[in-house]
Protein chains: 2
Amino acid sequence: MTETAQTISDRIHQMLDDLTRAERQLALSVLENYPASGLGPLAMLARDAEVSVPTVARMVQKLGYKGYPEFQAGLREELKARGKTPIAKHDTWAEAAPSGHILNRFTEAVIDNIRLTLGQIDPASFDQACALIADEAHHLYIVGGRITHTLAEYLFLHMQVIRPDVTHVQSTSNTWPHYLLNAKEGDVFVIFDVRRYENNTLKLAELAHARGARIILMTDQWRSPVHQLATVCLSNRIVVPSAWDSATTIMLLLETMISAVQTLNWSQTKARIEELEDMFDQTKLFRKFT
Amino acid sequence: MTETAQTISDRIHQMLDDLTRAERQLALSVLENYPASGLGPLAMLARDAEVSVPTVARMVQKLGYKGYPEFQAGLREELKARGKTPIAKHDTWAEAAPSGHILNRFTEAVIDNIRLTLGQIDPASFDQACALIADEAHHLYIVGGRITHTLAEYLFLHMQVIRPDVTHVQSTSNTWPHYLLNAKEGDVFVIFDVRRYENNTLKLAELAHARGARIILMTDQWRSPVHQLATVCLSNRIVVPSAWDSATTIMLLLETMISAVQTLNWSQTKARIEELEDMFDQTKLFRKFT
DNA sequence: ACAATTGTGAAAGAAATATAACACGTCGAT
DNA sequence: ATCGACGTGTTATATTTCTTTCACAATTGT
């Protein structure tokens, strides 16, 4: 295990003592700003380290690489791996299962999706989206497609509690034009559209946009064509080892949004939630305890 | 300050809107593991992004560089500069947002949930659940509650494609007893029940159990009372900084299950999926591309 | 003075890049 | 439906750059 888990930087450090003058000079220069300097041309590295070109060539072979390009490839690999957050480096999430088990492979992919999605999100846009959704002065429409209507429904169920004037529209239903009749300028549409993008959804978005509505789009990394009409576009990475796409990242953003919106509207929401709880108590739909 | 402090990654993000399909594909690939992928040979980048070599060449010029090597030099500069700043900062997921922003707080909590949930899952039970769900010899019932029916529906939509004989039952509906009339011994029930646990769901589970059905329960860390009747019980941690519980972890497990079941049934599923694609193509419900 | 190390210069060879020409498909306008 | 503009991939080629390796001189330490 001393072999595999070792970074190139470690290996250089280790052999630092056995090196000759020029080699050590080179090694230290590589470590100086690691790994950037090793990723340039060989000649540049030689110049920066103030050693000759052949010295560099001999050195990389001493490190066990067949040539300089191979050494660079090693550095790039390392850099790629480092890009992942420490927490993301778990190779086994389900500790009892082998790392090749679908539980680990899938989770790994989802964590990656989350990392990349969050990394490229603009907090200002996100906040703006939350503000739009929280704005009770305008009606809120929530639109989902064939698969995504489940996410839309999830958002709807929560929004229904948090604020009045919420409607869930299913773009695959042929009744949606009726809803649009009531849409007024300034109304807010939360639209879910991931590949394969649905024509109905696009048409709905176009009509809504034409009526002066503002659109918040939840889509994938390739972005539904709706994004051209959207006020805010939140794109999620959805790639997993499966024949299907993943909605987990979208769900995460969704719940974060729900939490944020709720905070914005807390004074009103509080009363509404209490009322709802009362109603549930009365209907005895739920158990108080196990 | 908007000029100088701009990283290449920022610039790519900015122009993302104005890019064409192949260019965006390339841009996303560059950002995928940034900056490692941009430091390899041009041809390798092109291959990874699944675009042609000239596309990359055209793109770097569009970014304002005289050639690919100059672009790489820019990346190296950036990398060198980054190495000098104190590292840390890796605790934020949405890098552009302060660590106290809800995006980071919420994501942190969800990652925790995932880690803890996966850590205590028994892979054997999980595999058993998948096998039960994949078993086409028995009817599959999927049961959700007031909120969780969205998750149930999500599972249902996928299972519908993967195998025959699937029914989605909503425990809050008063029609569910009708479904149970058809339930036979050995049939499989996937039941979602998180707090607050629903009386209807428990009753349904009891009846199903009495008829000799096997129950797979998706619940929270405190486990719905249904768990005493369940063949397999998958409990999820669902605590987040919100007035609501999180379904993200459940969604993750769900999708993993879908992927696993699909692999088990691949021979049958393949044909079903192709058939479905054909039908979609014919109805023109979906767009092929942007 | 000897051996090991290192640098110089050069040249062959390999690899990567830049560019051009052309074919194909998509999309929108007419 | 037809045309043309546009984007893109393919193929091919010229050109540059980078790498590798050689022989040999210079330097250093022993």
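Within every chain, numbering begins at 1; the chains are lettered A, B, ... in the order of the sequence lines, protein sequences first and strands thereafter.
- Taking atom CG on Leu19(A) and atom C1' on dT5(C), their separation rounds to 13 Å, with Å as the unit.
- Distance from the side chain of Pro69(A) is smallest for dT20(D) among the nucleotides dC22(D), dG9(D), dT20(D).
- No side-chain donor from either of Glu32(A) and Ser37(A) sits under 3.5 Å from a side-chain acceptor of the other.
- In the model, Glu23(A) has no side-chain atom that pairs as donor or acceptor with a side-chain atom of Thr55(A) under 3.5 Å.
- If you find the closest nucleotide of DNA chain C to Glu50(A) and to Gly40(B), the one lying nearer the 5' end belongs to Glu50(A).
- Candidate nucleotides dT5(C), dT8(D), dT19(D) were compared by shortest atom distance to the side chain of Arg58(B), and dT8(D) ranks first.
- Straight-line distance from the CZ atom of Arg47(B) to the P atom of dT8(D): 21 Å, rounded to whole Å.
- Spacing between atom CG of Leu45(B) and atom P of dA15(C) amounts to 20 Å, rounded to whole angstrom units.
- When the nucleotides dG9(D), dT5(C), dA16(C) are ranked by their closest atom to the side chain of Ser52(B), dG9(D) comes out on top.
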Item to check | Residues Asn104(A), Thr107(A); criterion side-chain hydrogen bond (donor to acceptor under 3.5 Å, both in side chains); working and verdict | outcome: CA-CA 5 Å; Asn104(A) 284 318; Thr107(A) 306; 5.6 Å; no

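- Residue Gln61(A) is in sugar-phosphate contact alone, with no base atom involved, counting any heavy-atom pair closer than 4.0 Å across all strands shown.
- For the pair Leu42(A) CG and dT20(D) C1', the computed distance is 9 Å after rounding to whole Å.
- For the pair Arg21(B) and dG9(D), the criterion of a side-chain N or O lying under 4.0 Å from OP1 or OP2 is met.
- Side-chain proximity of Pro41(B) to the nucleotides dT17(C), dG9(D), dT19(D) is greatest for dT17(C).
- At a threshold of 4.0 angstrom between heavy atoms, the contacts of Val53(A) include nucleobase atoms, whether or not backbone atoms are also involved.
- Under 3.5 Å, the side chains of Glu153(B) and Tyr154(A) contain no donor-acceptor pair of N or O atoms.
- Counting to the nearest Å, the P atom of dA15(C) and the CD atom of Glu70(A) are 12 Å from each other.
- The nucleotide whose nearest atom lies closest to any side-chain atom of Thr20(A) is, among dT19(D), dT8(D), dT5(C), dT5(C).
- The nearest whole Å value for the distance from the OH atom in Tyr68(A) to the P atom in dT19(D) is 6 Å.
- In this structure, Leu26(A) places its CG atom 10 Å from P of dG7(C), rounding to the nearest Å.
- The aromatic ring centres of Tyr141(A) and His139(A) sit less than 6.0 Å apart.
- Here the side chain of Thr55(B) is nearest to one of dT8(D), dG7(C), dT19(C), namely dT8(D).
- Between Met44(A) atom CE and dT19(D) atom P the separation is 10 Å, expressed in whole Å.
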